[in-house]
Amino acid sequence: MNKFVLVTGAAKRIGAAISHHLAAEGWSVLIHYNSSNEEALKLAAELKANNPEQEFPTIKCDLSNMQEVMHLFEKPVIKEMELTALINNASIFTPGNIEDITPDFLSQQMGVNFQAPLFLMQAFKKHSGNGNIINMLDTNVVKNMETHAAYLLAKKNLEALTQMAALAWAPSIRVNGISPGPVLPPPGEDQEHLKKVINNTPLKRQVGTTEIAQTVSFLLNNPSITGQIIFCDSGAHLK
Ligand SMILES: NC(=O)c1ccc[n+]([C@@H]2O[C@H](COP(=O)([O-])OP(=O)(O)OC[C@H]3O[C@@H](n4cnc5c(N)ncnc54)[C@H](OP(=O)(O)O)[C@@H]3O)[C@@H](O)[C@H]2O)c1
């Protein structure tokens, strides 16, 4: 039987890179998407062409809608699945300082970046009983970046939850986090935007999507690691 990993926000960018990497290592991937229907289907077709023995179903869910999130694991595609890993990768990165935060804005940022991962972790535990969870965090969780206050508050909460769940759910479920540095410019921004951030890292290096995917694979394959946050960020967290 195929072993499945659910990757949220898998249709594009880092999520797609993780999906390609894990598929090449023999995983079947449940490709979650919200607005990127076409890209999700294209990714599924590519993965199937390269790995005909494995399965690559897609599943849509708006992670800002907690009703949808709470019922995701009841969908037929997932109900009978042998799901052994969950990668909480989907995220929304919207600028705004502390003084810009409104109740609706906070709900949206906390919803997608913290509440949805939490409820998916819960559902995964209930559904699978054992396996692996990896939460995608951000190098800034150890800092106080002012420009994306609500986003960062959500990621800091997700970091704390990663360690809390790692302890609470051991020995059956391992829970780890990855904190990327500059990998890709935010959607809508160009490479120029990222240049300054890259030049400010100790290694002066853009983090490759493959390097993030390799870190995911490393965590999935190392049975002695739980509660760990790996900074794959060209050293950015040190400054
Ligand atoms: N890019 C970087 O350099 C960087 C740096 C630090 C941390 N990270 C973290 O690494 C992870 C991946 O980064 P990324 O840049 O590849 O992410 P991204 O492109 O900004 O977002 C990934 C996916 O999240 C999904 N998403 C957003 N809102 C959603 C909603 N309401 N419901 C369901 N899905 C939703 C989108 O899916 P659809 O397109 O299907 O709507 C999107 O394609 C994120 O957790 C991010 O915080 C990235």
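Indexing begins at 1, ligand by ligand and atom by atom, following the structure's order.
Below 30°, between 30° and 60°, or above 60°: for H148 and F93 the angle between ring planes is below 30°, a parallel geometry.
Within 6.0 Å of CD on E146 lie no more than 12 heavy atoms contributed by other residues, nucleotides or ligands.
Put simply, the side chain of L120 reaches to within 4.5 Å of the side chain of F73, judged on heavy atoms.
For K60, the salt bridge (Lys or Arg N to Asp or Glu O under 4.0 Å) test picks out no residue, with sequence neighbours left out.
Checking side-chain atoms of K156 against main-chain N and O of K143 turns up a donor-acceptor pair under 3.5 Å.
The two residues A85 and F124 make their nearest non-hydrogen contact at N-CE1, 3.6 Å.
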Please tabulate protein-ligand N/O pairs under 3.5 Å for ligand 1, atom names and distances to 0.1 Å.
residue	atom	partner	partner atom	Å
ligand 1	1 (N)	L184	O	3.3
ligand 1	3 (O)	G181	O	3.4
ligand 1	3 (O)	V183	N	2.8
ligand 1	3 (O)	L184	N	3.1
ligand 1	3 (O)	L184	O	3.2
ligand 1	15 (O)	R13	NH2	2.8
ligand 1	16 (O)	I14	N	3.2
ligand 1	19 (O)	R13	NE	2.7
ligand 1	24 (O)	S91	N	3.2
ligand 1	31 (N)	D62	OD1	2.9
ligand 1	32 (N)	L63	N	2.7
ligand 1	39 (O)	S36	OG	2.5
ligand 1	40 (O)	N34	N	2.7
ligand 1	40 (O)	S35	N	3.1
ligand 1	40 (O)	S36	N	3.0
ligand 1	40 (O)	S36	OG	3.4
ligand 1	41 (O)	S35	N	2.8
ligand 1	41 (O)	S35	OG	2.6
ligand 1	45 (O)	N89	O	2.8
ligand 1	45 (O)	K155	NZ	2.9
ligand 1	47 (O)	S91	OG	3.1
ligand 1	47 (O)	Y151	OH	3.0
ligand 1	47 (O)	K155	NZ	3.0

